[in-house]
Amino acid sequence: MPQYALIDCNNFYASCERAFRPGLKGRPIVVLSNNDGCIIARSNEAKAVGAPMGGPYFKCRGLLERNGVEVFSSNYALYGDMSARVMRVLARFCPGLEIYSIDEAFADLTGVPGGADAFGRRLKATVEAWTGIPVSVGIGPTKTLAKLANHFAKKQPRCRGVFDFTTSPDPDRVLRWAEIGDVWGIGPRHAKRLRKMGVANALEFRELKRDWVKKKMTITGLHTLLELRGWPCHDFATGPVGKKTIVSSRSFGRPVTELDDLLEATAQYMTRAAEKLRRQNSVASHVMVFLHTNKFKLGHPQYSNAESVPLPVATGHTPTLIKAAQSGMKRIYREDYAFKKCGVMLSGLEPVNGRWLSLLDLPPDDRPDDRPLMQAVDTLNKRWGRDTVAFAASGIKRNWKMKREMRSPRYTTVWEELLTVRAE
DNA sequence: TCTGGGGTCCTAGGACCC
DNA sequence: TCTGGGGTCCTAGGACCC
């Protein structure tokens, strides 16, 4: 029988902030989304005082201040680097590792000597000692059960951070304990509907008829059902999987009305998207641009639109991609609206080496010898820092840049912001 | 009382995830 | 004044073709 572990960092972003500020141990911490918009991570202490996940910062500000909560703007340079450290430790001890998100990984523990539970406890202690990030470990015969085991390990203090379904004397008790909405793959909509039918926990869901679940929740719901019964339906993917779409978008720090600003932002986002594209050795055949006004501003005129621009030849050439995106943006832009957000998406991705090339009708800006140029740009930016080499279309006005007023130092990725330790 | 029957491809929208 | 960003998969329905 296969055995999977899910290793999940506890309150990851909050834990990253704390790792470099030991004085924050035991203190309530929240981390905000881009633009200091809403709360996206909370330490346990912040959860205890009622800081709501996803709550808009300006609405919670009073509550946070009254309870002495430390507030951080998001610092993705720090979180990305800390994530890489955690994953390196896990990979060292788990040959089969699937990195699932910035703060989670599945490990294949099938046949691990000495028992999965003991292995999980050693893993947890090692990650914490080497990185300063606390983790929880859940173990089960399927990914869905490993997820549930992890949830149980986190919420039940007597588990001390590790729970193993495969050796549990009464696994059904855990399934009965788990609320239906806490099951991986069952979101708010399905949870609400199931509760209304009297299905309130994972055990009751597991007993439903296959046909009913498939009909009402599609094949994905059926997979969840079968995984709860112990039949693996989700593949285990070691090694990176190329993305099928790449998105780059941001909300603006202030409302934007001018086309010039939107074109600048479009170029900037496309530059980021194209970097991601080349990093996974892909080229894109479609560019999509979108923009919208602030949907929360009731009574203000609203407008949103998107346009997809097919490319004659799939490419990873930033100026070509920028040109396509900007042409779309010019067509969907309307005067007299206050825009809140825009973005670009790359799709129709193909491997760079397998791409079809017509020598007869290559567009002038996509000659094959563009690739060395883009490689050089990427190398310089990697070596010397983002935007060492940039594209003029990205502009220099940056009227639209986002707010990040409470960002912590980038302790691990920028020399000037290294942590200073004084020995006295 | 009735509008042919399939097949394929594409897109929009829903639902979910972190 | 102030409400994130980046993904996946599935299905229904329209366009188009024979």
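Order of the sequence lines fixes the chain letters, A, B, ..., with proteins taken first and strands second; residue numbering starts at 1 for each chain.
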Integer-rounded Å distance: B:dA15 C1' and A:K192 NZ: 14 Å
Where the side chain of A:T218 is defined as all heavy atoms beyond and including C-beta, which of C:dT11, C:dC2, C:dG5 is the nearest nucleotide? C:dT11
Side chain of A:S33 only, heavy atoms from C-beta on: which candidate in C:dG4, B:dC16, B:dC18 is closest? C:dG4
Using a strict cut-off of less than 4.0 Å between a Lys/Arg side-chain nitrogen and an Asp/Glu carboxylate oxygen, indicate whether A:E417 and A:R407 qualify as a salt bridge. yes
Start at the 5' end of DNA chain C and walk down; is the nucleotide closest to A:K214 or to A:K59 reached first? A:K59
Using a strict 4.0 Å threshold on nitrogen-to-oxygen distance, state whether A:K147 and A:E227 make a salt bridge. no
Picking from B:dC18, B:dC16, C:dG4, which would you name as closest to the side chain of A:N34? C:dG4
Categorize A:I102 for me: base, sugar-phosphate, or nothing, with a 4.0 angstrom heavy-atom threshold over every strand shown. nothing
Would you call A:R279 and A:D378 a salt bridge, using N to O less than 4.0 angstrom? no
Spacing of A:Y13 atom OH relative to C:dG5 atom P, expressed in whole Å: 12 Å
Taking CH2 from A:W184 and C1' from B:dC16, how many angstroms apart are they, rounded to a whole number? 11 Å
Below 3.5 Å is the cut-off: list the nitrogen or oxygen pairs between protein and nucleotides 7-9 of chain C, distance only.
unit_1: C:dG7; atom_1: OP2; unit_2: A:V247; atom_2: N; d: 2.4
unit_1: C:dT8; atom_1: OP1; unit_2: A:K244; atom_2: N; d: 2.9
unit_1: C:dT8; atom_1: OP2; unit_2: A:T245; atom_2: OG1; d: 2.9
unit_1: C:dC9; atom_1: OP1; unit_2: A:K244; atom_2: NZ; d: 3.4
unit_1: C:dC9; atom_1: OP2; unit_2: A:K244; atom_2: NZ; d: 2.9

What nucleic acid atoms does A:D36 come within less than 4.0 Å of, heavy atoms only: base, sugar-phosphate, or nothing? nothing
Taken to the nearest whole Å, CG/A:L349 to P/C:dG6 is 15 Å
Taking A:R18 first and then A:E45, would you say they form a salt bridge - that is, a charged N and a carboxylate O separated by under 4.0 Å? yes
Heavy atoms under 4.0 Å, any strand shown: does A:R250 hit a base, just sugar-phosphate, or nothing? sugar-phosphate
Between B:dA15, C:dG4, C:dT3, which nucleotide has the shortest distance from any of its atoms to the side chain of A:I40? C:dG4
Proximity to the side chain of A:S251 - top-ranked nucleotide from C:dG5, C:dT3, B:dC17: C:dG5
Choosing from C:dT3, B:dC18, B:dC17, which nucleotide comes nearest the side chain of A:D103? B:dC18
Do you see a donor-acceptor pair shorter than 3.5 Å between the side chains of A:Q3 and A:T166? yes
Could you work out how much the helix from B:dG5-C:dC18 to B:dC18-C:dG5 bends, comparing the axis of its first five pairs with that of its last five, to 10°? 10°
Look at A:K147 and B:dC16 and indicate whether a side-chain polar atom (N or O) is within less than 4.0 Å of OP1 or OP2. no
Nearest whole angstrom, please: distance from the C1' of C:dG6 to the CD of A:E275. 16 Å
Looking at A:D172 and A:R176, is there a salt bridge between them, counting it only when a charged N and a carboxylate O are closer than 4.0 Å? no
Identify whether any heavy atom of A:V31 sits under 4.0 Å from a base atom; if not, whether one sits that close to sugar-phosphate; answer base, sugar-phosphate or nothing. nothing
To the nearest angstrom, the CG-C1' distance between A:L64 and C:dC2 comes to 14 Å
Got A:T144 and A:L226 here, is their nearest side-chain heavy-atom distance under 4.5 Å? no
Give a yes or no on whether a salt bridge exists between A:K124 and A:E128, defined as a side-chain N under 4.0 angstrom from a carboxylate O. yes
With a 4.0 Å cut-off, would you call A:R272 and A:D387 a salt bridge? yes
In whole Å, what is the span from the NE2 atom of A:H190 to the P atom of C:dC10? 13 Å
Protein-nucleotide distance (A:H151, atom NE2; B:dC18, atom P), rounded to Å: 11 Å
Have a look at A:Y57 and say if it touches a base, only the backbone sugar-phosphate, or nothing, with a 4.0 Å heavy-atom cut-off. nothing
Please say whether the positively charged group of A:K143, taken as NZ for Lys or CZ for Arg, lies over the ring of A:F106, i.e. under 6.0 angstrom from the six-membered ring centre and within 45 degrees of the axis. yes
Candidate nucleotides C:dG6, B:dC17, C:dG4, ranked by approach to the side chain of A:S249 - the nearest: C:dG6
Determine the interatomic distance between P on B:dG4 and the same-named atom on C:dG14; round to the nearest Å. 16 Å
Report yes or no: do A:S73 and A:D36 form a side-chain donor-acceptor pair below 3.5 Å? yes
Would you say a side-chain N or O of A:K340 is under 4.0 Å from OP1 or OP2 of C:dG4? no
So A:N35, base contact, sugar-phosphate only, or nothing? Heavy-atom distance under 4.0 Å. nothing
Sugar-phosphate only, base, or nothing, as touched by A:K297 at under 4.0 Å among non-hydrogen atoms: sugar-phosphate
